[in-house]
Structures are given as structure tokens and as C-alpha cells.
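Working notes for the structure below.
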Amino acid sequence: MKTLEKIRNFLGLNKHSDYINRYFDESNIKSGIYVSSVVILLELFMISSVIIRQLSPETRRSAYWLATHLVCYLLLFCSALALFIYSVRHIKKISTNRKLWEVLKYIFSIISIVFGIYISYMDYKKGEQFVTLMTMTIFVFCFVVWRPIYSMLLMGATYGIFFFVCDHFLPATYATKINLSIVFISILMSAINAYRQKFTEAQKDEKLEHAQSILLKLSISDEVTGIANMHYFRSQALELMHDKSVDIDTLIFLFLDVENFKILNEKYGFWEGNAFLKNFADMTEKVFKDSIVAHFSNDNFVVLTKNEAVQERLQTIRRNLLGMNYDAKLGLKVGAYKPENRECLPLIACDHARYACYSIKKHYNHDYCEYDSSMAANFQKKQYIINNIDEAIKAGHIKVYYQPVVNAANGKLCGLEALARWDDPQYGFLSPADFIQTLEEYYQIYKLDMYVVEKVCRNFVYAKEQGLALIPVSLNFSKLDFDQINLAEEVEECLKKYGVDKKLIHIEVTESTLSGDDERLKDMLKKFRANGYALWLDDFGAGYSGLNVLKEYDFDMMKIDMKFLHGFSGNVKARQILKNIISMAKELGMSTLTEGVETEEAYQFLKENGCEQIQGYLFGRPMPDHELYEKVKAGLFQLDL
Ligand code: C2E
Ligand code: MG
Ligand code: MG
């Protein structure tokens with residue numbers, strides 16, 4: 001450090017950080033309590049002693065004397081009292097006005113020093129020591145810490161004035177001069193020393209605080225967006241909900257879901273996706289200022305806010321989303337939940353809001369939904385499903401049912417579709433409509449699907465042991481299976497483990513899961529194909545991706561969705577559409593299977609128009625494995641394998 005810098009530091013001329021300024025203030029305010037209380041007591045004693053002195057004729061002094069002394073004592077008393085009151089209020093956090101503190105500090109210091117000079121001057125005139133001046137300067141410069149330059153200037157002026165006045169009245173002796181200089185230097189050194197000590201402490205504290213704030217920030221903020229994480233959200237929300245000054249009925253939890261973020265992510269890549277999330281988080285925090293905002297997961301955010309102008313604020317976010325320059329139609333779905341009491345747990349409240357949000361996910365004309373009691377039963381069922389899927393698999397509550405698929409040309413059984421059922425001890429019989437979507441929402445679906453693969457394999461082993469015909473089975477997979485696990489490898493391993501021929505397995509993927517540029521899905525399907533599995537396109541025409549996916553993927557079989565058969569009889573258009581789909585599939589090199597065939601009329605029509613396979617209640621409903629084997633054993637099915 002250069003010499004000049006050293007001198008500046010010694011004099012306290014360097015710029016203090018806000019933290020160090022606050023540190024000095026806080027410690028000075030604390031000392032202010034001691035100094036002012038000592039001065040208050042001292043002055044009370046002095047006031048009462050001069051009054052007592054006036055009561056006795058022997059000690060009584062002039063009225064002028066009494067008045068000047070009383071005024072001096074009272075002034076000092078009042079300034080100390082003001083300092084005391086302010087310091088106590090500050091420590092109790094009732095009032096924290098830095099300017100007021102400065103004013104009071106200066107008033108007290110000036111009064112103390114003037115008082116010190118005056119009283120000690122009087123004493124000097126009587127030939128006594130300048131103890132009052134000494135005491136007052138210790139109070140002002142040692143208990144309260146000043147920058148050294150101020151201490152030097154102010155104390156220098158104080159002692160200079162005092163010396164000048166006294167020396168003027170009666171030239172000071174050598175001893176007095178030495179005494180005065182020693183006192184001046186000692187007090188000044190103590191003042192500078194106090195400053196240095198406090199300054200070092202403050203610097204250390206500041207560094208610690210900084211390190212702590214970094215650690216805190218890391219532990220409370222979300223890595224991608226930089227806003228609060230759910231852990232911090234929970235603690236902040238708990239604090240707010242238990243704050244008695246906040247009316248709980250005015251609070252509302254919001255769950256925000258950015259629509260089509262996945263498209264943005266796929267189109268623009270991971271980094272741009274993250275940049276968008278950060279932008280979105282900052283924007284949401286701005287729109288919901290004075291609220292608690294956190295990143296929930298992926299494209300989901302939660303907000304705990306006052307239920308005021310919520311719709312207007314959400315509209316602002318939607319407008320901002322539309323204004324963003326992305327080639328993806330970004331929208332915002334919001335679920336809301338009003339906590340009923342202070343005991344409501346924030347994470348449960350978020351789950352309620354999330355549930356409300358997901359209930360409108362597929363409703364194109366709804367973008368806001370509040371959780372109500374009618375949703376509660378459903379919500380509980382969902383929670384039950386998520387909490388019990390592992391146990392249900394372990395305990396054998398998940399069953400695989402088989403639905404016959406027949407060759408359209410002769411009506412003989414040529415395949416089966418494996419369909420999951422959940423036979424639950426509490427909820428009874430659950431159909432896929434109850435649990436598939438929930439398991440997907442919570443990323444648990446792969447557990448069920450892999451269990452079905454295993455169960456189907458075991459059934460093949462059983463059929464082999466029993467000498468029964470091996471009927472090909474088609475398996476349903478969720479899009480998430482392709483994202484979450486190495487599906488091709490896992491299926492391959494499972495088949496190997498049970499010695500099942502892959503010709504007996506068809507992989508069904510629903511049309512809704514396909515999007516034009518999902519490279520991972522494409523690669524995985526290619527792997528399946530390379531491994532020798534047949535790929536079936538399920539629910540074709542159910543209304544999601546449409547014809548586009550046919551360009552991008554190769555399938556062996558197109559399963560035509562049953563919706564084309566609704567109102568089939570007498571509907572010329574429905575027939576025309578079916579005809580065209582079948583011939584289009586042929587042209588693209590795919591066979592066709594129509595689902596949901598319930599009437600002879602529909603069957604005959606499909607057969608005549610070249611649909612190769614049929615699945616539907618007309619030929620059999622999904623049935624448990626034992627029923628299937630009984631029927632096969634009893635020869636109730638004619639087979640076409
Ligand atoms: P899906 O793959 O299209 O299965 C055909 C659905 O149509 C089955 O419903 C079946 O019972 C029903 N169905 C068949 N024939 C007829 C008919 O003639 N009339 C009527 N009205 N319905 C018929 P299910 O078993 O309720 O399954 C519904 C959906 O749940 C399945 O549609 C499939 O997408 C999914 N799913 C079922 N099991 C699994 C599974 O293990 N894993 C996955 N990921 N999804 C599954
Ligand atoms: Mg299917
Ligand atoms: Mg289907």
C-alpha cells in the first residue's frame with residue numbers, strides 16, 4: 001500500500017462501505033445507551049445537589065449562579081435523554097432513522113463539550129483541575145467512535161479553545177500545560193484506537209457476512225432462474241401465512257405453466273430454453289412484486305400473493321409472452337388455490353394449485369382455474385396413485401388384461417393388446433383413464449410400463465410351459481418412457497431374460513406422443529426397428545399431430561382410432577374417411593388395424609375396404625390372463641398366427 005493511502009486509512013479518510021457505516025452506527029448506538037444513561041444519572045444528581053445547596057442559607061449562591069447551572073445541567077440532561085430514547089427505540093427496531101441519529105449525536109456531543117469547557121473553565125478560575133472537560137471528551141470521543149480525522153479536529157479545537165480561554169484569564173503554569181497536553185494526547189489515542197478496533201471488526205464482519213450471503217443465496221435460489229427455489233419458497237410462505245398481521249383470506253397460491261415451452265426448448269436448444277426460463281422468472285417477479293415467486297420445475301413457477309388484481313397481472317405476463325420473439329406459440333395456464341387457514345402447508349397448497357392447472361391443460365379455451373372442493377376427491381385419488389404405484393406393483397395389484405385382435409379376412413385371433421388394470425384394495429377397480437395420465441404427470445409411468453413388459457414375458461413363459469400357442473402381443477408405451485429410460489435396451493433385456501421371441505412383441509406408440517423433431521424418440525424407435533421389433537402407430541387420427549408424423553416415422557401398422565366409428569352407421573362421410581385412411585396407409589407401406597369395432601356392420605365395411613386387422617368388443621373385451629388361457633385351452637378362439 002502506498003504511503004498516501006496508509007495515511008488516508010489512518011485518518012479514516014477512505015470511503016466506508018454501507019455495511020461498515022451501518023456497523024459503526026449500530027455500535028455507536030449501543031454505546032450511546034451507556035453514555036447517555038451515565039450522563040442522565042449524573043445530571044439528575046447534579047440538579048438535585050444544586051437545588052439542595054440552595055435550600056440551606058450557608059451554602060446558597062446567587063440566583064444567576066443557580067440559573068446558569070440549572071440551564072447547563074438541564075440542557076445536557078435533555079440531550080442525553082433524547083439520545084437514550086432514540087437508542088433504545090433503535091435497538092428495539094421501533095425507529096431506525098439514520099439522519100435523526102446523526103443529528104442527536106451531534107447535538108449531544110456539542111452540548112457535552114461546551115458544557116465541559118464551561119464547567120472546567122469555572123473550575124480553573126477557582127484553581128481546580130479540568131476534570132469535567134476530561135470526562136466529557138472521554139464520553140464523546142471514546143464511547144462514541146469517530147473517524148480519526150474528526151477526533152483530531154474536534155478534540156484539537158476543544159482543547160485549543162479551552163486552553164486559549166483559560167490562558168487568557170490566567171496564564172497557565174508549565175504543569176497545567178503538560179497535564180492538558182497529556183490528557184489531550186491520551187484521549188485522542190484512545191479515540192483513534194477505538195476507531196481502529198471497530199474498523200477491523202467491521203471489516204471482518206463484512207467479509208463473513210458476504211460469504212454467508214453467498215452461501216445463503218446458493219441454498220435458497222434456483223440454479224437455472226436465480227429466483228427462489230422451492231425450499232426457500234416453503235419457508236417464506238410459512239412465515240407469511242403465520243404472520244398475524246396478514247389476513248389469510250387475502251392470500252392465494254398460483255401455479256404457472258408455460259404452454260409450448262417444450263417446443264421452444266426443442267427448437268432453440270437447451271441454453272436458449274434456460275435463458276427463456278430466466279427471463280420468464282424475472283418478468284414474473286416484476287409483475288408479482290411484493291409476492292413470493294419461485295421456480296417449481298421445468299416450465300412451472302409458483303407464486304404466493306395477495307388476491308388483488310391477479311387476473312390483470314397474469315394478462316400482463318401473457319402479453320409479454322406473446323411479445324417474445326420465439327417461433328412457438330407461448331401461452332400461460334394458471335391454477336390457483338386459496339388457503340383455508342394458517343395451518344395449510346405451502347407445498348400442499350402448491351400441489352392443489354398445480355392440480356387445478358393440470359385440470360385445464362387440454363382445454364384450449366381455459367387458461368385459469370381455481371381449485372375447489374369438487375376437485376379434492378380427485379386430487380386425493382391422484383395422490384394415492386402416486387404414493388402407491390410401487391406398492392401396487394409389488395403386491396400384484398397391477399394386472400395385465402388382454403384384448404383380442406382378429407384377422408379381418410377370417411375373424412380369427414391373430415394378436416392381443418396388453419392393457420393395464422389396477423385392482424386396488426381401497427379404490428377397487430381402476431381403469432387406465434384413472435391412473436395413466438397421473439403417472440405420466442409425476443414421471444412414474446415407466447414403472448408401470450416396464451412392469452407390463454415383464455408380466456407379458458412371464459405369461460409367454462407360462463404359455464410355453466403349458467404347450468399353448470404363442471399369440472403376439474402389442475404393448476403400450478408412453479412418450480415419457482422414451483425420455484426417461486433406455487427403453488429399447490430395457491425391453492430387449494427383459495425379453496432375453498425370459499427367452500421371448502421379439503417377433504411376438506409389437507411396440508405401440510400413440511400418435512399424440514410424436515412430434516416432428518424429437519431426435520431422441522426417433523433414435524429409440526430406430527433402435528427398436530434395428531433390434532427386430534414391429535412398430536405400431538396407436539390411435540391414429542385421435543387429433544394431435546395428424547398426417548405430418550407419417551412423413552417423419554416408419555411404422556409397420558397403423559391403428560386407426562375408434563373415434564372414426566362414432567355414428568358410423570348411416571354416416572357417409574365417416575365411411576369415406578375410413579376408406580381413405582386405409583388406402584393412404586397402404587400406399588405408405590403400412591398395414592391397418594381399426595380399434596373399437598362393436599358392430600357387424602362396421603366389421604364388414606372395414607373388411608371390404610381392406611383393413612387387415614380388427615380390435616373391438618365385437619370380438620372380445622380386455623380380459624385377465626387366466627380367462628384368456630382358459631378360453632385358448634377350451635378352443636374358444638380360432639387362431640390365425
Ligand atoms: P389404447 O391403447 O388405444 O387401447 C385401446 C382402448 O380401447 C382400451 O381401453 C380398450 O379397452 C378400449 N376398447 C377396445 N375395444 C373397444 C370397443 O369396442 N369399444 C370401446 N368403447 N372401447 C374399446 P383401456 O384399456 O381403458 O385403455 C385406454 C388407454 O390407456 C389405452 O388406449 C392406452 O393408450 C392406455 N393404456 C392401457 N394400458 C397401458 C399401459 O400398460 N401402458 C401405457 N402407457 N398405456 C396404457
Ligand atoms: Mg394401444
Ligand atoms: Mg389405441
Side-chain angles (χ1 to χ4, degrees), residues 385 389 392-393 397-406 408 413 415-423 429-457 459 472-485 487 490-491 494 505-514 521 534-544 555-569 581 592-603 606 611 613-625 627-628:
I385 286 168
I389 178 67
I393 288 175
H397 299 319
I398 304 291
K399 313 264 186 240
V400 175
Y401 274 44
Y402 292 98
Q403 185 175 26
V405 175
V406 301
L413 185 76
L416 299 163
E417 177 169 12
L419 296 160
R421 300 287 181 267
W422 184 327
D423 193 4
F429 206 73
L430 297 168
S431 80
D434 292 314
F435 57 84
I436 299 280
Q437 201 193 337
T438 307
L439 291 175
E440 285 184 335
E441 255 171 48
Y442 289 82
Y443 298 95
Q444 302 287 306
I445 187 75
Y446 71 94
K447 292 181 179 171
L448 175 101
D449 286 345
M450 283 317 298
Y451 175 72
V452 172
V453 177
E454 175 138 20
K455 184 78 184 125
V456 166
C457 286
N459 280 344
V473 173
S474 56
L475 296 167
N476 291 288
F477 289 103
S478 159
K479 152 95 173 79
L480 294 176
D481 298 337
F482 293 85
D483 294 341
Q484 283 186 277
I485 56 175
L487 191 63
E490 298 219 8
V491 171
C494 192
I505 298 290
H506 309 137
I507 306 295
E508 279 193 21
V509 189
T510 40
E511 185 210 298
S512 64
T513 65
L514 306 175
L521 181 66
L535 298 180
W536 287 20
L537 175 61
D538 200 2
D539 298 344
F540 178 77
Y544 294 95
F555 287 100
D556 303 286
M557 172 74 83
M558 175 194 283
K559 291 186 79 172
I560 301 167
D561 195 74
M562 68 179 79
K563 85 167 187 203
F564 293 107
L565 293 175
H566 289 163
F568 171 81
S569 133
I581 293 178
T592 46
L593 181 162
T594 306
E595 302 179 280
V597 178
E598 294 180 0
T599 62
E600 188 63 34
E601 185 192 3
Y603 167 48
L606 292 163
C611 175
Q613 296 189 8
I614 304 289
Q615 181 180 347
Y617 293 168
L618 184 67
F619 293 97
R621 290 177 178 254
M623 63 190 99
D625 49 7
E627 188 181 323
L628 173 79

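Counting starts at 1 for both ligands and their atoms, following the listed order. The shown structure was predicted, so the numbers you read here are calculated from the model rather than taken from an experiment.
For Glu417, the heavy-atom gap to ligand 1 drops under 4.0 angstrom. Taking 4.0 Å as the cut-off, Arg421 counts as a neighbour of ligand 1 on heavy-atom distance. Residue contacts with ligand 1 do not include Ser431, since none of its heavy atoms lies under 4.0 Å from the ligand.
With Gln403 as the partner, the side chain to side chain donor-acceptor pair (under 3.5 Å) test is satisfied by one option alone out of Arg621, Glu417, Gln615: Gln615.
An N or O contact shorter than 3.5 Å links Tyr617 to ligand 1 by distance. Considering backbone and side-chain atoms together, Gln615 places no N or O closer than 3.5 Å to any N or O of ligand 1.
Proximity of a side-chain donor or acceptor of Asp539 to a complementary backbone N or O of Asp561 within less than 3.5 Å is not detected. No donor-acceptor pair under 3.5 Å is formed between the side chain of Asp423 and the backbone N or O of Lys399. The closest donor-acceptor contact from the side chain of Glu598 to the backbone of Gly616 lies at 3.5 Å or more, if one exists at all. A distance-only check finds a donor-acceptor pair linking the side chain of Lys563 to the backbone of Gly541 [under 3.5 Å]. No side-chain donor-acceptor contact under 3.5 Å links Glu601 to the backbone of Thr599.
The salt bridge (Lys or Arg N to Asp or Glu O under 4.0 Å) test applied to Glu490 returns no partner, not counting sequence neighbours.
Nearest residue to atom 7 (O) of ligand 1 from Lys455, Met562, Arg621 is Met562 (criterion: closest heavy atom). Compare Ile398, Val453, Leu618, Asp449 by their heavy atoms: the one nearest to atom 40 (C) of ligand 1 is in Asp449.
Ring planes of Trp536 and His506: parallel class, angle under 30° (limits at 30 and 60°).
With hydrogens left out, the protein atom closest to atom 5 (C) of ligand 1 is Glu595 OE2, 3.8 Å, a heavy atom. Nearest protein heavy-atom contact of atom 15 (N) of ligand 1 is Gln403 NE2, 2.8 Å. With respect to atom 8 (C) of ligand 1, the closest heavy atom belonging to the protein is Leu419 CD1, 3.8 Å. For atom 11 (O) of ligand 1, the closest heavy atom belonging to the protein is Pro622 CG, 3.4 Å. With hydrogens left out, the protein atom closest to atom 41 (O) of ligand 1 is Ala420 CB, 3.4 Å, a heavy atom. Distance from atom 28 (C) of ligand 1 to its nearest protein heavy atom, with residue and atom name: Pro432 CB, 4.0 Å. Atom 36 (N) of ligand 1 has its closest protein heavy atom at Ile436 CD1, 3.9 Å.
The ligand atoms of ligand 1 that sit less than 4.0 angstrom from a heavy atom of Gly616 are 15 (N), 18 (O). Remark: ligand 1 atoms within the under-4.0 Å shell around heavy atoms of Val452 are 41 (O). Listed by number with element, the atoms of ligand 1 under 4.0 Å from a non-hydrogen atom of Glu598 are 17 (C), 18 (O), 19 (N), 20 (C), 21 (N). Contact atoms of ligand 1 toward Ser478: 44 (N) (distance under 4.0 Å to a heavy atom of the residue). Close contacts between ligand 1 and Asp538 involve ligand atoms 1 (P), 2 (O), 3 (O) [criterion: under 4.0 Å to a heavy atom]. For ligand 1, the atoms lying closer than 4.0 Å to a non-hydrogen atom of Asp539 are 3 (O).
Distance screen at 4.0 Å: atom 38 (N) of ligand 1 has a protein heavy-atom neighbour inside the cut-off.
Here the closest heavy-atom approach between residue Asn476 and residue Asp538 is recorded as OD1-OD2, 3.1 Å. Residues Val452 and Val400 approach most closely at CG1-CG2, 4.0 Å, considering heavy atoms. The shortest non-hydrogen separation linking Leu606 to Thr594 is CD2-OG1, 3.5 Å. Contact between Phe435 and Leu430 at its shortest, heavy atoms only, is CE2-O, 3.5 Å. Taking both residues in full, the closest heavy atoms of Cys611 and Thr592 are given as CA-OG1, 3.4 Å, listed atom of the first, atom of the second, then distance. The two residues Leu475 and Ala418 come nearest to each other via the heavy atoms CD2-CB, 4.0 Å.
Below the 2.8 Å limit, the Mg ion (ligand 3) has as protein N, O or S neighbours Asp538 OD1, Asp539 OD1, Glu595 OE1, Glu595 OE2.
The closest side-chain heavy-atom distance from Glu508 to Ser474 is below 4.5 Å.
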Before giving the answer on ring pair (Phe, Tyr, Trp, His ring centres under 6.0 Å), spell out for Phe555 and Phe540 the whole-Å C-alpha distance, their side-chain angles and the decisive distance to 0.1 Å.
CA-CA 11 Å; Phe555 287 100; Phe540 178 77; 9.7 Å; no
